[in-house]
Every structure is written in structure tokens, then in C-alpha cells.
Amino acid sequence: MSGTTQSKQAQSKHARRTGRGAAPANPPASGGGAAPARRPSGAKRFLESRLADWVLPLVLVAIIVAVWQAVCASGAVEEYVLPAPGDVLGKMFGDFGTFADQSVPTIVAIFVGFALAVVVALPIAVAMVYSAIVRRAIYPLLIIAQVVPKVAIAPLFIIWFGFGQLPKVLMVALICFFPVVIDSLVGFRAARPESLMLVRSMGASRWQAFWKVRWPWALPSIFAGVKVGITLAVVGAVVAEFVGADKGLGVLLITARGDMDSLTVFASIAWLTVIGFVLFVAVEALERILLPGKRGGRSHEASGSL
């Protein structure tokens, strides 16, 4: 009897050592198959979709416009203080010829000044990457040029270059220059040293290493600066037209303000907003074409996880 008991105890110890005969810690679900992965809810799939990038802002804008319209319809504010959004929209398209004519010099100043800023900023950023002397000499001047109020410089441009497109182009270029050059510098310096050493070890020259490694690596940062710059370009053009110009949306806005014509003021602001938004969307579309994989982490950003 005792021998049988000892034999059973020995078999039990052997089973515990080998793991045989032990009950699984997590028994499988009934049916013998693995539990199916949980699918994300419909709301989460919508937030992670590209459609949400357009639907959510449109819904918010619709709510703001509805509240704005309700406030104006209630008579809580006078029409000359806050015109109704329907009246502003009617003014925008009712005087389409006037606004379109005044938009041309503003848009030309935006495009030319912004292009000038990019053409000058990129070579300076490259020079600052490859030369510590250039970087230490130019960087403080960039900070000084950025902190000086642009409204204070605009009258000097009018005195030096007169009334016309040139002061507006220079003002736009000055405002756009800083974010483009700084973001480009950050992008160029962010290239991996091991990647640069690898291409150099394979016989590539310094400029070949730049085009093969530094330039592709810096493109996301360059586009970040360009997107900031294109929105500031609208501000630069309007600031220059405020100080002194004979034509443009800024001139129209100043004239309407002097006449207490709030409807034209709001319509001019709406036109400037549309121009800035269209330019920003165009730059972002170009970024998606040149950098198709840049938005790979968008679902993590949308869900709030890192």
C-alpha cells in the first residue's frame, strides 16, 4: 500500500517537473479557437480616417457661423458693429469684381516675396550647416531681424523704395524668411551621422552626401517652415499695404475702416482668410506628393497615443 502511494507521489512530482498533466493557466475559449481581435469602434475608425480632417473643422465652423447668425438676428448687436455672416458672404460675391481686382497685387506680393524668402533661406541654411563660422556670425542677426517689429520697418521700405510692389515683396520675404531658414537648418543638422559616414566611405563627395542623405532627411522640416512661412506671407503683404500702398486688399480694408464700413472690412478679412487657407492647402498637398509616407503615424496622433 505504501509502495503504491510513493509511486503516485513520484509520478505527481515528475508531472510537475515536466509540465505534463497540469491544467492550462488560461483555458481556451469554447469552440477550440482563439478569441477574435476586437475591432475598433465606428467613432474611432472615423477619427483615424482622413475624412475627419475635413468634417470636424467644417462642423466647428458651421456651429460658429450659426451662433454668429443667431446673435445678429436677435438684435443684441448693431449691424455696423457685427454684420451677419449671410450679409458678409453676399458682399464678398456681390462685389466680386472689386475684391478680385484688389486681390491681384496682394497675391502677387505674397508669391514673389515668399519665393524670394525660400530661395535665400535654403542656401543660408546649408552654409550654416557646413560652416561653424557662418553659423555663429549669421544666427544672432537672424534673431535680431526676427524680434524687430515688422510694422516699424515697413515705413523705411516705403521711404527707400516708394509706393508699389517692391516694399510689399520685401516685407513678405522678411516675415517668411525666419521660419524657413530655422526649420531648414534644424532638418539639415538632424541627418544621422552614421548615414553620412556610410555614403562618404563608399566614395561619395560632400555634395553627393548632401543630396543623398541631408536633403531627403531635411525635407519634412523644410516643409514645416514653408507652411508657417506661407501663412505669414499673407500677414506681411497686409502689413505693407497698411503702411503704404495704392492697391490691394489691405488698402481696401483700411479705406473701409475709415468709412466705418464694417461689412467691407469683414468681407476683406474673409477674402484674405480664403487666400491664406488655399495657399496652405496647396503647400500641404505638395508635401504629401513629395513625402507620401510622412503621415504614417497619423492614427497614433488621432487616437492620442504615442
* Does Ile107 share a hydrophobic cluster with Val239, counting links as ILVMFWY side-chain heavy atoms below 4.5 Å and allowing steps through other members? -> no

* Asked: Should Ile64 and Leu60 be marked as a side-chain contact (heavy atoms from CB on, under 4.5 Å) after you check the CA-CA gap, both sets of side-chain angles, and the distance that decides it?
  -> CA-CA 6 Å; Ile64 294 174; Leu60 181 58; 4.2 Å; yes

* State plainly whether one hydrophobic cluster holds both Phe96 and Leu249, where clusters connect Ile, Leu, Val, Met, Phe, Trp and Tyr through side-chain heavy atoms under 4.5 angstrom apart. => yes

* When rounded to the nearest 0.5 angstrom, what is the spacing between CD1 in Ile269 and OG1 in Thr264? -> 11.0 Å

* When rounded to the nearest 0.5 angstrom, what distance separates CD1 in Ile175 from CG in Leu232? -> 7.0 Å

* To do: Using modelled atom types only, decide if a donor and an acceptor are shared between the side chain of Gln165 and the backbone of Pro105 within a distance under 3.5 Å.
  => yes

* Atom pair CG (Asp101) and NZ (Lys247), whose distance is rounded to the nearest 0.5 Å -> 3.5 Å

* Asked: Only one of Tyr130, Phe210, Trp217 clears ring pair (Phe, Tyr, Trp, His ring centres under 6.0 Å) with Phe188; which?
  -> Phe210

* To do: Inspect the surroundings of CZ in Phe277 and state if more than 12 heavy atoms from other residues, nucleotides or ligands are less than 6.0 Å away.
  => no

* Within one Ile-Leu-Val-Met-Phe-Trp-Tyr cluster: Phe177 and Leu170, side-chain cutoff 4.5 Å -> yes

* So do Leu279 and Val283 actually touch side chain to side chain, heavy atoms under 4.5 Å? -> no

* Asked: Rounded to the nearest 0.5 Å, how far does OG of Ser262 lie from CD of Glu78?
  -> 10.5 Å

* **Nearest-0.5 Å distance that lies between atom NZ in Lys91 and atom CZ in Phe266** => 14.0 Å

* To do: With the side chain counted from C-beta on, respond yes when Val274 and Val278 share a heavy-atom pair under 4.5 Å apart, and no when they do not.
  => yes

* **Whether over 12 other heavy atoms sit under 6.0 Å from Phe111 CZ** => no

* Single-linkage hydrophobic cluster, 4.5 Å side-chain cutoff, Trp68 and Leu58 together -> no

* Asked: Within a strict 4.5 Å, meaning less than it, do heavy atoms of the Leu286 and Phe223 side chains meet?
  -> yes

* Are side-chain heavy atoms of Leu272 and Leu253 found at a separation under 4.5 Å? -> yes

* Asked: Just by distance, with hydrogens left out, do Asp95 and Thr98 show a side-chain donor and acceptor under 3.5 Å apart?
  -> no

* What is the minimum heavy-atom distance between Cys72 and Leu82, and which atoms define it? -> SG-O, 3.3 Å

* Asked: Does any non-hydrogen side-chain atom of Arg135 lie less than 4.5 Å from one of Arg189?
  -> yes

* Show the numbers, then the answer: is there a side-chain contact (heavy atoms from CB on, under 4.5 Å) between Val112 and Leu116? => CA-CA 6 Å; Val112 177; Leu116 178 62; 5.5 Å; no

* Nearest non-hydrogen partners of Phe242 and Gly250, listed with the distance -> CE2-O, 3.6 Å

* To do: Identify the two heavy atoms, one from Met92 and one from Phe99, that lie closest to each other, and give their separation to 0.1 Å.
  => O-CD1, 3.8 Å

* Structure fact -> dist Ile222:CD1 -> Leu185:CG (nearest 0.5 Å) comes out at 10.5 Å

* **Thr231 side chain near Val235 side chain, heavy-atom distance below 4.5 Å** => no

* Determine whether more than 12 heavy atoms belonging to other residues, nucleotides or ligands lie under 6.0 Å from atom CD of Glu79. => no

* **Considering all heavy atoms, the nearest Val180-Gly225 contact** => CG2-O, 3.7 Å

* Asked: Are Leu166 and Val151 joined in one hydrophobic group, where the rule is that I, L, V, M, F, W and Y side chains link up if heavy atoms are under 4.5 Å apart?
  -> no

* Shortest non-hydrogen contact from Met171 toward Gly236 -> CG-O, 3.3 Å

* Please name the pair of heavy atoms, one in Gln102 and one in Gly248, separated by the smallest distance, quoted to 0.1 Å. => OE1-N, 2.8 Å

